[in-house]
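What follows is a single structure, written as structure tokens, with notes after it.
Quick note on labels: first sequence line is chain A, next is B, and so on, each numbered from 1.
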Amino acid sequence: MQACSKSSGGDDGKQTNTQFDRKGLLTNMSTNIILPAYTSFQASASALNDAVVAFNASPDAAKLTAAQTAFVAAYKQWQSTSEYDFGPANQANFRVNINTYPADITQINTNIISNTYNPALLANLAAKGLPAIDYLLFGVGTDNASILAQYTADAKAANRKTYLAALALEIKTSATSVLSTWNSSYKATFLAADGTDVGSSLGQLVNQLVYDYEILKNYEVGVPAGTQSMGTTYPQKVQAYYSKISLQLALLHIQAMQNLYMGKDGLGLDDYLINVNAKYSDGRLLNDVIKAQFATATAKLQALTDPLADNIRTNPGAVTAAYTELQKLTVLLKTDMTSSLGILITFGDNDGD
Amino acid sequence: MISKTFKNWFFEPIHIAPLAVLRIAFGVIMFISTIRFMLRGWVEAFYVKPRFHFTFYGFDWVKPLGEIGMYALFMLMVVCTLLIAAGLLYRLAAALFFLSFTYVELIDKTTYLNHYYLVSIIAFLLILVPANRYFAVDAWLKPQLKVVHVPAWCVNIFRLQLVMVYFFAGLSKINYDWLIAAMPLRIWLPASSQLWLIGGLLTQLWVAYLFSWFGMIFDLLIGFFLLSNRYRKWAYLFVLVFHIVSGWFFKIGMFPYIMIFVTLVFFSAETQLRIIAWIRLLLFIKSDSKEAGRTYKPSIIPSKLIFTVLIIHFVLQLILPFRFVFYPGKLYWTEEGYRFSWRVMLMEKGGTAFFHVKDPTTGRSNEIINSQYLTQFQETMMATQPDMILQYAHFLANEYKQHGIKDPIVTAESYVTLNGSGSRLYIDTTVNLTRERETLFGHRKWIRPFIDKN
């Protein structure tokens, strides 16, 4: 038996055989990427809440613009926060509570008219969070003057202000709670689970990276461009339809994912793939292929312009081209990367055999 | 001479103790296993939540029973495992357990595992033997049932089954990927490098080779060593170490413990009686003074029937693992003839599948978001298994027909990586899968060949 193991030299003498520092990767990601993201998002959600409170106290054009600016800042920061929907974020259903879109305008208006809002109600998922505020701050009128009128002259102005305030506060509260759980206890839990199974931190991180990436591909680009509706486009289904920053957000989103993949300047999934000498089917290093595909997909997105909804109406071909490149990256992250690292990707786990 | 050995193997009266111990061991381990399955929320996740199930060929009629029905079925299994262990209403309990367990397994091939298949087989074989005639509540309530000796086949069928399981598992490891490339252990072992004490070793390539070769030799030989009086104790020690270590490294659930429990059947009557004495001590059951008893003699007609069933069963067991030779292409890639063959832990395979539904009248098409129809577990398993891809394509065609699209064209664009090969196109994307039919043993021509480019 010993002779056997000696005689088989293997087909790949270049394997490094050094142990990859998974704990180091988790430390880097939590310290330098995830916690800063939560901290910034909490700050921007808090600023948004303050701006809304100030606007509600005495609505005027300047305070409306200030609230809109605070909203854009928060939505941008959200793009590098949505990926980590495990642990405290998962407990709080953070992603669906903050960013379920397209916003349900009918439900929002029903809530305003009745002056009731139950945040726990499933029907309110699409009537809350950033997409609802997107509508309330940018979509209730054709320009800022008519939007302002909805908060001053309109018969339901008081109700509308109450609703806007409730939504802004809800985001701030849940952002604060997720951040404080990470700071107080979850970081230690995260660092301790340094295996590769479904419950491990790396397993959850990669699962959520892939999951969030599919949201980007499907809901920020694919669905509005008609890939799931027999070619019929739905431009109004884009993220941030009313504030018209959909493409900016998509670019920030993919950048955030690349950042996580690279581990910013420290240990990342790229280093891990290099360590295990993972190859693509054509023999190139998998890490090189993934980095190149991030670049290609980003370039295709950059070829589009905001408002993305207008691009979908006028130049659907370019949007579909971006979608195709995004799809290739799905395969690389979901299949090649996880398989090379032996990471289990299924949420509903089961015994292997 | 040979015929005499053969005859002994079947009819020599031997002590019934191994059967009683097997009955208890199987009942106890399946009790734990069933409870564990429920506690993990898997009844809900696998049999209540999914809106579509991947049934086995010819078993389309097997349907989940709804939430209450599924939990009732699992509770029935729990009760049966206890009855089996106690040896109360034994044959009925064994039959009900076999039927309910197998029914659950047939609902969805997503959850197929070789050791579930083994559980079904052992449960089936247990129905055929009088394991309740000794150290059992049945025999205590009805002393005339009690026997001390049974024809050897009653015990030997279990030993034969287990030898086959190990041996075929060993045979399947004799291939390039496992022995020469040390795949998939070369990927899996470093993934456990966080383990205490030995974690660092697991990233060493030579360790992957050592485990691969040792695993192959262990599986090939262990069954025969367990049969030998001389080496049995050492062999069982190897069984313990092998299964505990693999259970520690890999996420394989109850499998190691099931094997550790059922391989007890190899031990001699003496050892089994010692185990029984130990259980008596543990449960404060006073020992039976009248050891001398009758030999079990099944009546002629049922025993003829049992032999016929056993012969068919073991012939099938012998043939099924070899059916793969009739298919072209790489077995791990096509998985034609892969299941029901004791191929365990051989592949690191992953895939992503995109399905497109096209309306032939408008020429417009849709990409499917799989999570709208499948659980993530189903989606993951489906992406790498052609029969499941076909079933899902047919399901999608039906969905779209109901939405008013006549003759939808369904194509699959699946990218699969196998043992570190890197992802490559798996299914011919030009084939309209709604036109392809699943057959029992037919070859699926629409699987693209695996071409090793490295």
Side-chain angles (χ1 to χ4, degrees), chain A residues 1-2 4-6 8 10-12 15 17-20 22-23 193-198 200 207 211 214 218 222-223 226-232 275-276 278-284 286 289 327 330-332 334-336 338-353, chain B residues 42 45-46 111 113-115 179-182 184 186-188 190-195 199-200 203-206 209-210 213-214 217 250-255 344-345 348-352 354 359 362 364-369 375-377 380-381 383 415-417 420-424 453-454:
Chain A
M1 195 175 65
Q2 277 156 351
C4 293
S5 64
K6 257 185 266 167
S8 47
D11 57 356
D12 182 10
Q15 183 143 349
N17 283 339
T18 51
Q19 185 175 350
F20 182 74
R22 268 204 300 269
K23 193 156 231 146
D194 57 352
T196 50
D197 51 323
V198 173
S200 67
N207 267 324
Y211 192 89
E214 293 208 68
N218 289 333
V223 167
T227 53
Q228 270 97 26
S229 46
M230 291 288 176
T232 308
N275 175 274
V276 300
K279 298 271 180 60
Y280 187 56
S281 56
D282 61 6
R284 280 186 293 162
L286 181 57
V289 177
Q327 178 147 309
T330 302
V331 177
L332 294 173
K334 191 175 177 177
T335 292
D336 289 87
T338 53
S339 189
S340 304
L341 300 180
I343 291 172
L344 289 173
I345 191 91
T346 45
F347 296 129
D349 62 348
N350 192 15
D351 308 332
D353 73 5
Chain B
W42 288 346
F46 301 156
T111 54
L113 290 176
N114 283 290
H115 74 262
L179 296 177
I180 311 299
R186 176 193 273 204
I187 293 176
W188 288 346
S192 294
S193 64
Q194 80 287 356
L195 291 179
T203 59
Q204 302 292 315
L205 187 56
W206 65 268
Y209 277 104
L210 182 73
W213 283 82
F214 175 78
I217 292 165
F250 309 115
K251 206 179 154 291
I252 47 178
M254 293 304 293
F255 173 67
V344 292
M345 308 277 302
E348 167 55 49
K349 198 173 182 187
T352 308
F354 307 103
D359 183 345
T362 64
R364 292 181 148 193
S365 71
N366 238 17
E367 186 193 315
I368 304 299
I369 297 182
T375 66
Q376 200 187 2
F377 185 40
T380 307
M381 300 307 282
Y415 298 89
V416 171
T417 173
S421 70
S423 65
R424 48 196 74 198
K453 297 178 208 164
N454 290 342

Student check: side-chain heavy atoms of [X] and [Y] closer than 4.5 Å:
X	Y	result
A:Thr232	B:Arg364	yes
B:Ile369	A:Gln228	yes
A:Leu341	B:Ile187	no

Measure the spacing between [atom1] of [X] and [atom2] of [Y] and express it to the nearest 0.5 Å.
X	Y	atom1	atom2	value
A:Glu214	B:Thr352	CD	OG1	7.5 Å
A:Asn207	B:Gln376	CG	CD	6.0 Å
B:Gln194	A:Ser200	CD	OG	8.0 Å
A:Gln327	B:Tyr415	CD	OH	7.0 Å
B:Lys251	A:Thr196	NZ	OG1	11.0 Å

Checklist entry - Between the main-chain N or O of A:Asp282 and the side-chain N or O of B:Arg424, is there a donor-acceptor pair closer than 3.5 Å? => result no
Item to check | Closest contact, heavy atoms only, A:Ser339 versus B:Gly350 | outcome: OG-N, 4.3 Å
Next on the checklist: Testing the basics here: between A:Thr335 and B:Gly351, what is the closest heavy-atom pair and its distance to 0.1 Å?
Outcome noted: OG1-C, 3.0 Å
Checklist entry - Do you see a donor-acceptor pair shorter than 3.5 Å between the side chains of A:Thr227 and B:Glu367? => result no
Item to check | Exercise: do A:Asp336 and B:Ser423 side chains pair donor with acceptor under 3.5 Å | outcome: yes
Checklist entry - Between A:Asp194 and chain B, which part of the residue has a heavy atom less than 4.5 Å away: side chain, backbone, both or neither? => result both
Checklist entry - Using a cut-off of under 4.5 Å for heavy-atom pairs, which of A:Val223, A:Asp197, A:Val331 has the most such pairs with chain B? => result A:Val331
Next on the checklist: At a 4.5 Å cut-off on heavy atoms, which part of B:Ser193 comes close to chain A: side chain, backbone, both, or neither?
Outcome noted: both
Checklist outcome for this item: Bottom line for B:Phe250: the part with an atom under 4.5 Å from chain A's heavy atoms is neither
